[in-house]
Amino acid sequence: MFFFGKKHFLVDHLRNFVDIHNHILPGIDDGAETVEESLKLITGFEEFGVTHFICTPHIMNNYYDNTPNTIKQSYDKLNKALKQKSYENTTLRYSAEYLVDDNFENILQSNEYLPLNDTHLLIEMSYLQPSINFGDAVEKIKKRGIFPVFAHPERYQYLIKDSQKYQAFRKDGIKFQLNMLSLSEYYGKNVKKTAIRLLESNSYDFLGSDIHSLKQLLHLKNQLVLERKVLNKLLPLIDHTIETFY
């Protein structure tokens, strides 16, 4: 694929990027388990110029029952360690990645949600089946003057098989967030194919790493190589993410 051209590593184009989707807060979901692991992830990101993070641990009813309080406790612990270790250039904020499940609308109703910024909220569905209440939840989010940001739409197999759903979601005002690793075959060939198709049709609004582990970070750093035409589509997405969330 690259015999007649330069290889374009994604990480070479991420300086000053704001990572709006990651699991680097320690000990509260399936991401970093300890502060030490969180620091290793942050150090790895700093090697290619990413120092701004909006941390988004999972909130899933009866699985990851995080609250604003538990998330803040983990954030405070990591932020304290950053100051002790003199990570002077690193900026952390915290939000969450919300599974639209049977408790999500209760969270909205009680105003216990943590948006990415004043106008965007990160949501997801189960990989096994679509959320029955997804449409209702989206409408309730929008009524609060907030844009729903749908995490990694390219990864849901039941959507890949029904591409018209993507168009319907976009028409309904849902923003799409692309996972960096989806542009490789890390999640499989079908995910990569769908990600590139959605990218080429200008369906994405934002980019995020969704990094959970050092293994994923190493894959991002060493193996995520893009064709020039894909990179050209991705660069405006990087800029828009920075402009919206910096």
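Counting only N and O atoms by type, the side chains of Asp19 and Ser209 include a donor and acceptor under 3.5 Å apart. For the residue pair Glu227 / His8, no side-chain donor-acceptor distance below 3.5 Å is found, with atom types taken as modelled. Using modelled atom types and a 3.5 Å distance limit, the side chains of Asp205 and Gln177 yield no donor-acceptor pair. Asp101 and Tyr63 are not linked by any side-chain donor-acceptor pair at a separation below 3.5 angstrom, with hydrogens and angles left out of the test. Checked by atom type, the side-chain pair Tyr204/Glu154 shows a donor-acceptor distance below 3.5 Å. Using a 3.5 Å distance cut-off with no hydrogens or angles, the side chains of Asp76 and Asn79 do not pair a donor with an acceptor. At a cut-off of 3.5 Å, with distance as the only test, a side-chain donor of Thr43 or Tyr87 sits close to an acceptor on the other residue.
Rounding to the nearest 0.5 Å gives a distance of 9.0 Å between CZ of Arg155 and OH of Tyr186. For the atom pair Gln84 CD and Lys80 NZ, the distance stands at 5.5 Å (nearest 0.5 Å). Atom CG of Leu237 and atom OG of Ser203 lie 11.0 Å apart (nearest 0.5 Å).
Every residue two or more places apart in sequence or in another chain was checked for a salt bridge (Lys or Arg N to Asp or Glu O under 4.0 Å) with Asp30, and none qualifies. The side chain to side chain contact (heavy atoms under 4.5 Å, CB included) search around Thr244 returns Asn117, His120, Phe206, His240, not counting sequence neighbours. Applying the salt bridge (Lys or Arg N to Asp or Glu O under 4.0 Å) rule to Glu46 yields no partners; only residues at least two apart in sequence or on another chain are considered.
Side-chain contact between Gln157 and Tyr127 is absent, with no heavy atoms from C-beta onward closer than 4.5 Å. Annotation: side chain of Thr67 is in contact with side chain of Thr70 (closest heavy-atom distance under 4.5 Å). Side-chain contact check for Ile24 versus Leu39: every heavy-atom pair is 4.5 Å or farther apart. Annotation: side chain of Leu121 is not in contact with side chain of Val149 (no heavy-atom distance under 4.5 Å). Side-chain atoms of Tyr75 and Ile28, non-hydrogen and from C-beta on, never get closer than 4.5 Å to each other. Between Ile71 and Ile59, the closest side-chain pair of non-hydrogen atoms falls below 4.5 Å. Here the side chains of His13 and Leu234 are not in contact, with every heavy-atom distance at 4.5 Å or above.
Phe53 does not carry Arg93 over the face of its six-membered ring by the limits of under 6.0 Å from the centre and within 45° of the normal.
The distance between the ring centers of Phe134 and Phe169 falls below 6.0 angstrom. Residues Tyr156 and His152 bring their aromatic ring centres within 6.0 Å.
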Assess the residue pair Tyr98 and Tyr113 against the criterion (ring-ring contact (aromatic ring centres under 6.0 Å, His included)); give the C-alpha distance rounded to whole Å, side-chain angles, the decisive distance to 0.1 Å, and a yes or no. CA-CA 9 Å; Tyr98 291 89; Tyr113 57 91; 7.4 Å; no
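Evaluated for a side chain to side chain donor-acceptor pair (under 3.5 Å) with Asp29, the options His212, His58, His23 yield exactly one hit, His23.
A salt bridge links Lys140 with Glu105: the closest approach of a Lys/Arg side-chain nitrogen to an acidic carboxylate oxygen falls below 4.0 angstrom.
Atom CG of Leu218 is surrounded by more than 12 heavy atoms from other residues, nucleotides or ligands within 6.0 Å.
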